[in-house]
Amino acid sequence: MIDIDCRKDALLLVDIQNDFCEHGALAVPGGSEIAPIVNPLTFYFRYVILTQDWHPAGHKSFASSHPGKQPYDSITWRGRQQTLWPDHCVRGTPGADFHPDLDTDSACLIVRKGANSQVDSYSTFFDNERGESTGLGGALRDYGVKRGFFAGLATDYCVYYSVRDARELGFTAAIILDACRGIDESKDGTRDKALLEMKRAGVAIINSGDIG
Ligand code: VGL
Ligand code: ZN
């Protein structure tokens, strides 16, 4: 059992939004199963932070912004590899809303990312070019948080990049694996690779039942 110290531990719930759940524009298999798993965990934490992918229409990570390209094609964009996605989480649309089953009342902070139409932003700390910070690192430090527990969508993208940055910023990090779902959970796919990288970075891999 992991003892939660509510002054030093934060629960970070990544992108539990309609577009990443069943019937959403970028549906992650099993995405709708997460809310009932994380809702009871909020009870243990003072610092519950929700994140939202929050793109303007016409965002450059959308395949529809690149003539002739299809979702999941890969291109070089501003010198880096970019996977092109279906239009998703357009700010202010129902797809960008939190999943209706998610307990949002216990959150002390909501972080929105992906607002710059030219740059994608998987991590909830920095955009993919590390040009802009969301301010989350500073907020966690101000709270006195030392350890982050991460769950949400998707394991191999926004959860992975967020956890990696948390470690780089000097926080202890754990991923609540049964409360995450990946875009590609095939053997040796992006989710398996992300898990391997997280282990290498010293991230604890736990399950929701370990928290109490
Ligand atoms: C995400 C792809 C594009 C995520 C966001 O939340 O994991 N993935 N935008
Ligand atoms: Zn996105």
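Residue numbers count from 1 along this sequence. Below, each value reflects all heavy atoms present in this structure, side chains not excepted, and no hydrogens, waters or symmetry copies. Note that ligands are numbered from 1 as they come in the structure, with each ligand's atoms numbered from 1 the same way.
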Among protein heavy atoms, which sits nearest to [atom], and what does the distance come to when rounded to 0.1 Å?
atom: atom 8 (N) of ligand 1; value: Y157 CB, 3.8 Å
atom: atom 2 (C) of ligand 1; value: W85 CE2, 3.4 Å
atom: atom 5 (C) of ligand 1; value: D53 OD2, 3.1 Å

### Message
Taking 4.0 Å as the limit for heavy-atom contacts, which would you say applies to L153 with ligand 1: side chain only, backbone only, both, or neither?
### Response
backbone
Where do [X] and [Y] come nearest, in terms of heavy atoms and distance?
X: F125; Y: G137; value: CD2-N, 3.6 Å
X: T51; Y: F98; value: O-CE2, 3.7 Å
X: P29; Y: I183; value: CD-O, 4.4 Å
X: V38; Y: A179; value: CG1-CB, 3.7 Å
X: V90; Y: P56; value: CG1-C, 4.4 Å

### Query
atom 4 (C) of ligand 1: which of S123, C158, P86 has the nearest heavy atom?
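Among S123, C158, P86, the closest heavy atom to atom 4 (C) of ligand 1 comes from C158.
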### Task
Could you name all protein N, O or S atoms found under 2.8 Å from the Zn ion (ligand 2)?
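Counting only protein N, O or S atoms under 2.8 Å from the Zn ion (ligand 2), the list reads D53 OD2, H55 NE2, H88 NE2.
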### salt bridge (Lys or Arg N to Asp or Glu O under 4.0 Å) partners of E132, counting only residues at least two apart
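Partners of E132 under the salt bridge (Lys or Arg N to Asp or Glu O under 4.0 Å) test: none.
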### Salt-bridge contact R164-E197 (side-chain N to carboxylate O under 4.0 Å)
no
### Query
So, are K113 and D15 salt-bridged, with charged N and O less than 4.0 Å apart?
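Looking at K113 and D15, the cut-off is met.
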### Query
Heavy-atom contact under 4.0 Å between Q17 and ligand 1?
no
### Task
Compute whether any side-chain donor of one residue and acceptor of the other, for Q82 and D120, lie under 3.5 angstrom apart.
yes
